[in-house]
Amino acid sequence: MHRRAVGIDLGTTNSLITASCGSGVEALPDADGLQLLPSVVQYRKNQTPVVGAIARAAAIDDPENTILSVKRLLGKSRSEILSQDPFLPYQFDDSRDDGAPAIVTTAGVMDPVQISADILRVLCDRAEVCLAGELEGVVITVPAYFDDAQRQQTKDAASLAGLRVLRLLNEPTAAAVAYGLDTKDQGNIVVFDLGGGTFDVSLLSLQRGVFEVLATGGDTHLGGDDFDRVVSDWLMQASVHTGTLSHSKRIELLYLANQIKHQLSETESVDVSYGAWTGKLDAELFTELTRELVNRTINTCRRVLRDAKLTTDAIDNIVLVGGATRMPVIRNAVAEFFGKSPLVNIDPDKVVAIGAGIQADVLIGNKSEHNFLLLDVNPLSLGIETMGELVEKIIPRNTTIPVAKAQEFTTFKDGQTVMSLHVVQGERELVSDCRSLARFELRGIPPMVAGAAKIRVTFQVDADGLLSVTAQELSTNTKSEIQIKPSYGLNADAIEKMLESSRDHAHADMESRALREAQLEATQLIDALASARKVDSRLLSAEEASRIADVVARLQSAISDGSSNQIHSLSEELNQVSGDFAARRMDLTIGEALRGHSIDEIEHSTDE
Amino acid sequence: MQQIKQNYFQLFKLSESFELDVSTLAENYRQLQLAAHPDRFAAASETEKMRAVQHSSYLNEAYDTLKSTLRRAAYLLSLHDVDVEQVKQSDLGMDLLLEQIQLREALDELPKDSSALPALENLKAEVTVKLANMERFFADELQRREFDSAKKCFHEMQFIHKLLAEIDSSEEQRLGY
Ligand SMILES: Nc1ncnc2c1ncn2[C@@H]1O[C@H](COP(=O)(O)OP(=O)(O)O)[C@@H](O)[C@H]1O
Ligand SMILES: [Mg+2]
């Protein structure tokens with residue numbers, strides 16, 4: 001059976017959704033046949049929000065309620081955002097004491113996570129029409145350079161939109177998949193992704209279907225938007241405009257600058273009129289105005305090569321991704337730096353989403369096994385605050401994920417029973433120069449002299465790049481554990497509440513949606529178990545088999561006439577009774593190598 | 001939670017020695033990761049997914065350790081119960097300390113702008129040759145089971161690695177990263 005899985009590129013400027021339909025993975029169009037969805041949301045009183053090109057046009061007349069580039073707000077605090085972008089037309093809700101950048105709109109206060117979820121919903125509605133049915137799983141792409149908070153909030157937006165996330169995938173890696181599978185390449189690929197607001201570079205080595213990211217680098221504050229700003233600054237200067245602009249006029253000016261920039265990708269020179277003023281912008285002047293920005297992108301390439309310990313002649317292919325790489329200034333600079341022309345045969349707007357769709361198809365099980373594998377890295381070092389406000393790095397940047405690392409710390413006062421831990425992300429040595437991810441405390445340390453307690457702190461980063469931290473006092477086994485959550489913005493409870501209220505209000509059919517999701521997941525679980533039994537029935541004892549059969553029968557009847565809760569709890573029960581079987585199967589494929597035991601010994605040890 | 005303790009060399013089907021074939025290591029790592037990675041268990045239960053994360057993390061740690069010559073050396077010593085965390089004065093010869101000081105002075109005396117880049121390259125080349133010699137020596141001593149001497153050599157290599165990292169970061173400063 002073909003499962004409905006989609007890939008989503010949730011971009012700063014434009015978003016896309018893809019799925020495999022027959023021949024290959026394709027971008028899905030809206031009712032008017034448009035594939036690119038501008039990532040703009042306009043909120044209206046007592047009506048559903050408008051998302052896309054219409055909202056983008058509405059921003060000029062309704063700047064306060066129309067949110068552009070919400071991706072730039074994810075995982076950030078209000079004050080960070082205001083210092084990065086002082087001219088935003090939005091009114092932030094100052095009463096929020098968590099420091100979240102919640103925006104007051106005519107439809108109520110909106111968190112960046114909610115706004116992102118609204119974009120996701122529109123994309124998924126589109127996909128459900130195209131694919132004629134409910135989505136069973138999504139792969140969402142994020143900039144490789146996104147930190148933990150930004151990744152977590154992207155995932156939260158997906159759960160708020162009612163989606164099951166199979167994987168967060170780094171955008172450059174997704175692009176490499178789209179190209180790599182296309183050309184059956186072996187060798188080293190550089191992906192250069194310049195979008196509207198973010199810039200990423202990744203260097204991957206491709207060997208027989210394994211994509212291994214060697215290094216990644218970037219800048220979450222560099223993109224096509226900055227080129228718009230350069231052009232608009234030039235316009236203001238050239239037209240001798242003085243005084244400040246209203247929000248509407250500012251947006252209008254930026255749209256004009258954007259238009260000019262796009263035209264310059266086609267022609268050598270553009271005639272410009274701004275108010276009563278007329279003039280010209282040509283390629284030469286544009287090159288000069290943007291030199292600094294272009295140099296920053298090339299410097300990042302240099303740094304990534306250095307991190308991977310490679311030189312430009314070791315690079316077999318360069319892939320250009322993102323609308324802003326259509327600019328000749330970028331193409332020329334890249335070609336010159338690497339000494340060869342970049343690949344552009346897949347549309348730079350779509351390549352990330354196509355890669356995500358391919359990966360979604362594999363993860364959901366539509367493709368035969370052992371197709372390809374992505375080995376990604378964590379983009380920024382993770383560490384912990386130590387004395388003197390210094391950072392002790394625990395997982396350095398560019399470490400292949402998933403990864404687990406432990407480090408031991410000790411108490412510095414006699415009789416100390418509490419230890420506070422501060423988890424940070426970044427490359428700098430001082431805590432204040434890094435991003436604070438979380439603070440937590442390990443309590444109940446037995447009183448000892450300073451330096452006697454042994455506290456092991458373990459960092460685990462999963463395949464999505466998300467961190468969880470545990471701390472343990474070794475002599476007493478006192479344990480403390482946290483899933484890192486962004487310091488600002490919605491916590492899990494708030495998201496759950498929103499989900500519930502959206503079930504009550506917006507969609508009357510939400511409960512039935514939850515039911516169908518539960519049914520789908522349960523069916524998938526039963527199918528997976530059945531095919532596992534077909535292959536490895538010898539690993540199953542008769543007694544286990546009958547216990548499993550019993551739960552499967554009850555679950556099947558719940559699927560046909562039970563509630564979503566019943567289905568969930570029976571699915572959980574099935575997971576439990578089949579857990580040992582699953583473990584043995586894993587031992588068969590990989591555990592044998594990992595333990596140095598033979599499978600027989602393992603069977604004995606679980607038989608006791 | 002299950003604790004994995006498998007020997008890294010056995011894991012990648014390599015014989016236990018300092019010198020190893022890096023491409024075999026990489027190929028065997030990829031083969032194991034193809035089976036172990038959590039993406040292979042996207043549709044499986046939470047328990048299986050968690051186990052896959054553990055397995056895959058262990059493979060990454062093992063691969064990282066064997067890929068780096070310095071970490072590989074430390075790991076080999078630990079397999080012979082030599083604790084490299086414990087450093088005694090006698091582990092560090094006087095000659096080594098003097099040489100260290102000299103090299104570090106050479107680094108500090110370089111001009112602080114990009115005119116120092118060629119000199120940094122030279123220094124790097126010189127130090128890299130030293131390191132290669134040490135590695136050969138370490139491999140021999142380990143083979144002869146001369147663990148004290150191997151440990152001493154390990155600490156020398158550690159110094160050289162630190163120095164190389166310093167050269168790298170001085171280069172980066174001068175390149176304006
Ligand atoms: N033909 C073009 N010439 C120059 N810039 C372009 C062109 N087409 C798109 N862009 C720019 O690309 C950026 C959007 O790229 P996209 O990949 O869609 O971004 P994101 O990943 O941020 O959603 C915008 O800054 C847009 O102006
Ligand atoms: Mg993009």
Side-chain angles (χ1 to χ4, degrees), chain A residues 3 136-137 139 166-167 205 207-210 212 299-300 302-303 306 359-360 362-365 369-370 372-375 399-405 460-464 521 524-525 527-529 532 571-572 574-576 578-580 582-583 585-587 589-597, chain B residues 1-14 23 26-65 67-68 71 85 124 128 164-165 168-169 171-172 175-177:
Chain A
R3 299 195 185 281
E136 294 169 61
V139 168
L166 298 168
R167 178 87 130 76
S205 128
Q207 296 279 341
R208 266 172 270 168
V210 178
E212 190 179 345
N299 249 334
T300 302
R302 232 179 239 132
R303 151 124 250 168
R306 201 179 160 83
Q359 168 80 337
V362 170
L363 291 182
I364 201 84
E369 259 190 282
H370 293 271
F372 66 89
L373 181 68
L374 310 180
L375 296 170
T399 304
T400 307
I401 55 174
V403 61
K405 295 236 186 214
Q460 170 81 62
V461 178
D462 67 14
D464 290 338
E521 274 180 40
Q524 231 169 313
L525 188 65
D527 289 355
L529 199 57
S571 298
E572 191 43 46
L574 184 56
N575 269 333
Q576 266 166 19
S578 63
D580 286 346
R585 266 174 56 78
M586 290 182 78
D587 282 330
T589 45
I590 172 77
E592 196 174 342
L594 277 167
R595 288 197 187 172
H597 286 221
Chain B
M1 198 163 45
Q2 147 216 42
Q3 277 285 341
I4 309 169
K5 294 218 176 73
Q6 169 70 319
N7 174 299
Y8 295 166
F9 290 96
Q10 285 172 22
L11 180 59
F12 297 118
K13 302 193 190 74
L14 296 164
S23 66
E27 184 52 35
N28 291 346
Y29 161 75
R30 284 193 290 266
Q31 285 312 316
L32 285 170
Q33 220 31 304
L34 270 169
H37 195 274
D39 280 359
R40 294 269 167 252
F41 300 90
S45 66
E46 283 308 313
T47 337
E48 282 168 277
K49 278 185 205 160
M50 265 166 54
R51 242 176 126 89
V53 170
Q54 268 180 43
H55 286 170
S56 180
S57 302
Y58 192 80
L59 288 174
N60 281 332
E61 177 64 16
Y63 181 50
D64 268 353
T65 304
K67 223 174 19 177
S68 140
R71 293 189 61 192
E85 300 293 325
K124 192 147 98 178
T128 309
L164 278 171
D168 268 347
S169 75
E171 248 176 16
E172 279 165 20
L175 286 165
Y177 290 149

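Proteins come first, then strands; the chains are lettered A, B, ... in the order of their sequence lines, and each starts at number 1. This is a predicted model, so every value here is computed, not measured.
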_Straight-line distance of B:E27 CD to A:Q207 CD, nearest 0.5 Å_ = 7.5 Å
*Looking at B:N60 and A:P402, what are the two nearest heavy atoms and their distance?*
ND2-O, 2.7 Å
*Measure B:D64 against the heavy atoms of chain A and call it side chain, backbone, both or neither at under 4.5 Å.*
side chain
_Would you compute the distance between atom CG of B:L34 and atom CZ of A:R208 and round it to the nearest 0.5 angstrom?_
10.5 Å
*asked:* Please tell me whether A:N575 and B:E48 have a donor and an acceptor in their side chains that are separated by less than 3.5 angstrom.
replied: no
*What are the two closest non-hydrogen atoms of B:Y63 and A:E212, and how far apart are they?*
CE2-OE2, 3.9 Å
*Would you give the length of the straight line joining atom CZ of A:R303 to atom CD of B:E172, rounded to the nearest 0.5 angstrom?*
4.5 Å
*Minimum heavy-atom distance between B:S57 and A:A404, given as atom pair plus value*: CB-N, 3.8 Å
*Going from OG on B:S45 to CG on A:L529, what distance comes out if it is rounded to the nearest 0.5 angstrom?*
9.5 Å
*For the residue pair A:L375 and B:H37, what are the closest heavy atoms and their distance?*
CD2-CD2, 3.7 Å
*Per-residue contact mode, A:L574 against chain B (heavy atom under 4.5 angstrom)*: neither
_What part of A:E521 gets within 4.5 angstrom of chain B, counting heavy atoms only: side chain, backbone, both, or neither?_
neither
*asked:* For B:A26, which atoms come within 4.5 Å of any heavy atom of chain A: side chain, backbone, both, or neither?
replied: neither
*Please report the shortest heavy-atom distance between B:A42 and A:L363, naming the atom on each side.*
CB-O, 3.5 Å
*asked:* So for A:Q576, is it side chain, backbone, both, or neither that comes closer than 4.5 Å to the heavy atoms of chain B?
replied: neither
*Under 4.5 Å heavy-atom distance to chain B, tell me which part of A:A582 shows up: side chain, backbone, both or neither.*
both
*Do the side chains of A:R306 and B:D168 get nearer than 4.5 Å, heavy atoms only?*
yes
